[in-house]
Novice: 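Please read through the structure below; I'll follow up with questions.
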Amino acid sequence: MAEAGRVILNTTFLPSLHSLHKTHKKVSYSQPFLHKRHPAIQCSISTSSDTKAAAKVSETVPWGCDIDSVENAEALQKWLSDSGLPPQKMAIQKVEVGERGLVALKNIRKGEMLLFVPPSLVIDADSEWSCPEAGEVLKQYSVPDWPLLATYLISEASFEKSSRWSNYISALPRQPYSLLYWTRAELDTYLEASRIRERAIERITNVTGTYNDLRLRIFSKYPHLFPEEVFNMETFKWSFGILFSRLVRLPSMDERVALVPWADMLNHSCEVETFLDYDKSSKGVVFTTDRPYQPGEQVFISYGRKSNGELLLSYGFVPREGTNPSDSVELLLSLKKSDKCYKEKLEALKKHGLSASQCFPLQVTGWPLELMAYAYLAVSPPSMSKQFEEMAAAASNKTATNKNITYPDIEEQALQFILDSCESSISKYTKFLQASGSMDLDVTSPKQLNRRLFLKQLAVDLCNSESRILFRAQYVLRRRLRDIRSGELRGLKIFSGFRNLFG
């Protein structure tokens with residue numbers, strides 16, 4: 001379902017462009033360069049609940065291809081070979097996992113190094129622009145790599161065949177699988193139970209804000225270089241969708257972020273632990289297989305240890321339930337405002353970069369030590385005020401303090417606090433899953449019906465995987481509380497390290 005791959009870094013937040021408020025000397029050119037003009041593309045990102053916004057989702061950019069097209073991908077392979085890509089043991093084909101991917105043409109051994117994409121075929125912040133003047137303007141304004149690359153993609157796409165990257169851009173999907181393409185109404189309807197909804201809204205807001213910053217501070221001042229019919233919200237949604245799903249960080253190239261054509265046709269497998277990186281000896285971007293492949297088998301890499309929600313957020317797919325060992329669900333814990341020590345506890349939390357409401361990851365195998373420390377703080381009585389600072393420090397992942405703290409006198413209350421939060425989340429998932437079978441999709445066109453069915457299935461798959469973790473935690477918490485209340489475990493230090501609750 002996901003189509004290419006690739007983000008090894010955390011991309012939850014986009015770089016701030018506040019630095020662009022600074023005054024810059026305006027660049028002037030004797031002969032302004034005009035971009036090839038395209039019909040206007042209207043913005044379809046929406047954070048309102050207006051159902052009319054759903055009708056705009058089908059609008060796409062005037063470049064790229066269908067998500068499962070291999071015709072343009074084959075042209076890409078030929079161009080890459082002509083441009084210096086060494087002979088490959090893989091070819092682009094339609095596949096069951098990912099719609100298209102790289103399939104072994106020959107026997108591939110475990111531990112074999114593949115790809116060898118040369119730096120000349122990698123897109124990064126130093127890549128040459130078809131419109132050099134546009135690149136100079138962005139660099140003069142010190143635009144960070146992410147928005148710089150997003151603008152670069154649009155600029156090169158607008159040049160069509162005149163761009164060096166035309167074959168690559170033609171092989172990119174017109175509409176990447178991404179939550180950027182979900183309307184606010186769809187997010188509210190299908191992801192109401194999951195914390196991924198808030199992260200998707202935040203991401204959409206960040207992308208919209210980044211575009212608006214660029215438009216206000218740069219594009220509007222250089223309309224001959226950045227015409228609105230080319231550089232608009234719709235095209236930026238496309239380019240950021242491409243970056244979120246394909247941009248990689250290459251540790252051996254000074255942590256440079258880059259798009260790596262051909263390599264980004266590799267799909268993700270939760271069972272694979274091999275990543276892309278630059279190999280200095282061969283002078284190419286490579287990965288080393290961690291298993292053998294037979295001819296006809298799809299070859300996979302890992303996009304990183306990400307939860308199912310994170311994979312849906314950036315790549316638009318959810319692995320089969322129980323197949324992702326890195327899967328997790330965010331559990332929200334909150335201080336009670338009725339707490340007599342609310343102000344003191346909040347001050348302690350803020351001192352360590354935390355807030356009155358904080359999310360912690362639950363996994364099938366347990367949870368982080370920070371979660372238990374936060375729970376201790378939330379339930380601690382005024383008589384333990386001297387320990388508030390220690391608890392808050394242990395609840396933060398930004399400090400190196402001892403996190404494996406225990407307070408036997410309030411352990412029962414802390415576990416009950418976590419259980420209450422867990423069951424509150426379970427009730428939301430249960431409500432959604434029960435309603436999903438009879439959910440009114442409220443569409444008339446077959447195309448929109450197929451889209452809604454697809455989105456609903458993704459949401460159901462995500463909720464099943466996340467609720468599975470919550471139910472497992474609920475079971476163990478109830479068991480622990482029962483044991484404590486029977487006196488069997490009272491006062492014992494029952495957690496250590498990353499709490500393996502479910503072994």
Novice: Would you indicate whether the side-chain heavy atoms of M90 and I108 approach each other to under 4.5 Å?
Specialist: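 I108 vs M90: side chains touch.
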
Novice: Check whether any side-chain heavy atom of Y278 sits under 4.5 Å from a side-chain heavy atom of V286, and report yes or no.
Specialist: no

Novice: Between S314 and L311, is there a donor-acceptor pair closer than 3.5 Å when you use the side chain of the first and the backbone of the second?
Specialist: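 Between the backbone of L311 and the side chain of S314 there is no qualifying donor-acceptor contact (under 3.5 Å).
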
Novice: Between E390 and Q387 (side chain of the first, backbone of the second, donor and acceptor by atom type, cut-off under 3.5 Å), is there such a pair?
Specialist: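 No, E390 side chain to Q387 backbone: no donor-acceptor pair under 3.5 Å.
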
Novice: Go through the side-chain N and O atoms of R452 and Q457 and say whether any donor and acceptor fall under 3.5 Å apart.
Specialist: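 Short answer, no.
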
Novice: For H352 and K398, which heavy atoms make the closest approach, and how far apart are they?
Specialist: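 Heavy-atom minimum between the residues: O-CD, 4.4 Å.
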
Novice: Rounded to the nearest 0.5 Å, what separates atom OG1 in T365 from atom CD1 in I469?
Specialist: 9.0 Å

Novice: Under the side-chain contact (heavy atoms from CB on, under 4.5 Å) rule, what do R203 and L313 come out as? Steps first, then yes or no, please.
Specialist: CA-CA 9 Å; R203 179 167 290 187; L313 182 65; 3.7 Å; yes

Novice: State the SG-CG distance between C463 and D461, to the nearest 0.5 angstrom.
Specialist: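 It is 9.5 Å, given to the nearest 0.5 Å.
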
Novice: Does Y342 OH have over 12 foreign heavy atoms under 6.0 Å away?
Specialist: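 It does: Y342 OH has more than 12 such atoms within range.
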
Novice: Please check if the side chain of S396 supplies one atom and the backbone of A393 the other of a donor-acceptor pair under 3.5 Å.
Specialist: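 Flag not set: sc S396 to bb A393 has no pair under 3.5 Å.
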
Novice: Indicate the atoms forming the closest heavy-atom contact of T289 with T274, along with that distance.
Specialist: N-OG1, 4.4 Å

Novice: Please round to the nearest 0.5 Å and tell me the distance separating atom CD of E389 and atom CG of L349.
Specialist: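 Taking CD in E389 and CG in L349, the distance rounds to 9.5 Å.
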
Novice: Judged by modelled atom types alone, do D264 and Y168 share a side-chain donor-acceptor pair under 3.5 Å?
Specialist: yes

Novice: Could you tell me whether the side chain of E411 and the main chain of P408 form a donor-acceptor pair under 3.5 Å?
Specialist: no

Novice: Between the side chain of T189 and the main-chain N/O of E186, is any donor-acceptor distance below 3.5 Å?
Specialist: no

Novice: Which pair of heavy atoms, one from Q298 and one from Y293, lies closest together, and at what distance?
Specialist: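 The answer is O-CE2, 3.2 Å.
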
Novice: Using 4.0 Å as the upper bound for N to carboxylate O, is an ion pair formed by R197 and D188?
Specialist: yes

Novice: Side-chain contact, heavy-atom cut-off 4.5 Å: L419 with L481?
Specialist: yes

Novice: Using only atom types and a distance under 3.5 Å, with no angle test, would you say the side chain of S424 pairs donor to acceptor with the backbone of S421?
Specialist: no

Novice: I'd like to know if the side chain of T210 and the backbone of N206 have a donor-acceptor N/O pair within less than 3.5 Å.
Specialist: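 At least one qualifying donor-acceptor pair exists.
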
Novice: Are L138 and T151 close enough, and set up right, to give a side-chain contact (heavy atoms from CB on, under 4.5 Å), and what steps lead you there?
Specialist: CA-CA 9 Å; L138 294 188; T151 308; 3.6 Å; yes

Novice: Less than 4.0 angstrom from a charged side-chain N to a carboxylate O is my criterion; do E192 and K428 meet it?
Specialist: no

Novice: First locate atom CD1 of I154, then atom CZ of F236, and finally report the distance between them rounded to the nearest 0.5 Å.
Specialist: 4.0 Å

Novice: Within a radius of less than 6.0 Å around CD of E271, do more than 12 heavy atoms belonging to other residues, nucleotides or ligands occur?
Specialist: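 Count not over threshold, so no.
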
Novice: Can you confirm whether L179 sits close enough to I196 that some side-chain heavy atom of one is under 4.5 Å from a side-chain heavy atom of the other?
Specialist: yes

Novice: Quick check: Y315 with Y303 (ring centres under 6.0 Å apart)?
Specialist: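 Yes, the ring centres sit under 6.0 Å apart.
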
Novice: Please collect all salt bridge (charged side-chain N to carboxylate O under 4.0 Å, His left out) contacts where either partner lies in residues 325-338, sequence neighbours excluded, each pair once.
Specialist: R199-E330

Novice: Would you check if Y190 and L458 make a side-chain contact, meaning some heavy-atom pair closer than 4.5 Å?
Specialist: no

Novice: Is the backbone of S436 close enough, under 3.5 Å, to the side chain of K456 for a donor and an acceptor to pair up by distance?
Specialist: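 Yes, the answer is positive, given that a donor and an acceptor are paired below the 3.5 Å cut-off.
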
Novice: Can you find a heavy atom in the side chain of S467 that is under 4.5 Å from one in the side chain of L433?
Specialist: yes

Novice: If only atom types and distance count, is the side chain of D254 paired as donor or acceptor with the main-chain N or O of R256 below 3.5 Å?
Specialist: no

Novice: With rounding to the nearest 0.5 angstrom, report the OG to CD1 distance, S178 to I204.
Specialist: 8.0 Å

Novice: Which residues satisfy the ring pair (Phe, Tyr, Trp, His ring centres under 6.0 Å) test with F360, sequence neighbours excluded?
Specialist: Y374

Novice: Does one side chain, of S252 or D277, offer a donor that lies under 3.5 Å from an acceptor on the other?
Specialist: yes

Novice: Any side-chain heavy atom of V460 within less than 4.5 Å of one from F432?
Specialist: yes

Novice: Before giving the answer on side chain to side chain donor-acceptor pair (under 3.5 Å), spell out for Q416 and R485 the whole-Å C-alpha distance, their side-chain angles and the decisive distance to 0.1 Å.
Specialist: CA-CA 11 Å; Q416 184 63 54; R485 286 161 185 166; 2.8 Å; yes

Novice: What are the two closest non-hydrogen atoms of A378 and L335, and how far apart are they?
Specialist: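 Nearest heavy atoms, A378 then L335: CA-CD2, 3.8 Å.
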
Novice: Once salt bridge (Lys or Arg N to Asp or Glu O under 4.0 Å) is applied, do any residues pair with E198, and if so which ones, sequence neighbours excluded?
Specialist: none

Novice: For D66, which residues count as a salt bridge (Lys or Arg N to Asp or Glu O under 4.0 Å) partner, sequence neighbours excluded?
Specialist: R174

Novice: More than 12 heavy atoms of other residues, nucleotides or ligands under 6.0 Å from CD of E273: is that the case?
Specialist: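 No, because the 6.0 Å sphere around CD of E273 holds 12 heavy atoms or fewer from other groups.
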
Novice: Determine whether a donor-acceptor pair (N or O, by modelled atom type, separation under 3.5 Å) exists between the side chain of S307 and the backbone of E310.
Specialist: yes

Novice: Considering only residues two or more places apart or on different chains, which pairs with a residue in residues 398-423 satisfy ring pair (Phe, Tyr, Trp, His ring centres under 6.0 Å)?
Specialist: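 Ring pair (Phe, Tyr, Trp, His ring centres under 6.0 Å) check on residues 398-423 returns Y376-Y407.
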
Novice: Taking the six-membered ring for Trp, are the ring centroids of F116 and W262 within less than 6.0 Å of each other?
Specialist: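 No.
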
Novice: Is there a side-chain contact between P361 and L371, using heavy atoms and a 4.5 Å cut-off?
Specialist: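 Heavy-atom side-chain distance check fails, nothing below 4.5 Å.
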
Novice: Any chance you could measure L470, atom CG, to C422, atom SG, to the nearest 0.5 Å?
Specialist: 4.5 Å

Novice: Where do S194 and E466 come nearest, in terms of heavy atoms and distance?
Specialist: OG-OE1, 3.0 Å

Novice: Quick one: closest heavy-atom pair of F275 and F287, and the distance?
Specialist: O-CB, 3.4 Å

Novice: What verdict does the ring-ring contact (aromatic ring centres under 6.0 Å, His included) test give for Y181 and W238, after you've listed the backbone C-alpha separation in whole Å, the side-chain angles of each residue and the deciding distance to 0.1 Å?
Specialist: CA-CA 9 Å; Y181 283 87; W238 171 80; 9.7 Å; no

Novice: Are L115 and L276 close enough, and set up right, to give a side-chain contact (heavy atoms from CB on, under 4.5 Å), and what steps lead you there?
Specialist: CA-CA 9 Å; L115 294 179; L276 298 175; 3.5 Å; yes

Novice: What pairs meet the salt bridge (charged side-chain N to carboxylate O under 4.0 Å, His left out) rule with one or both residues in residues 414-426, with sequence neighbours excluded?
Specialist: E423-R478

Novice: Please assess V248 against V257 for the test side-chain contact (heavy atoms from CB on, under 4.5 Å), listing each intermediate value before the final yes or no.
Specialist: CA-CA 5 Å; V248 296; V257 292; over 6 Å; no

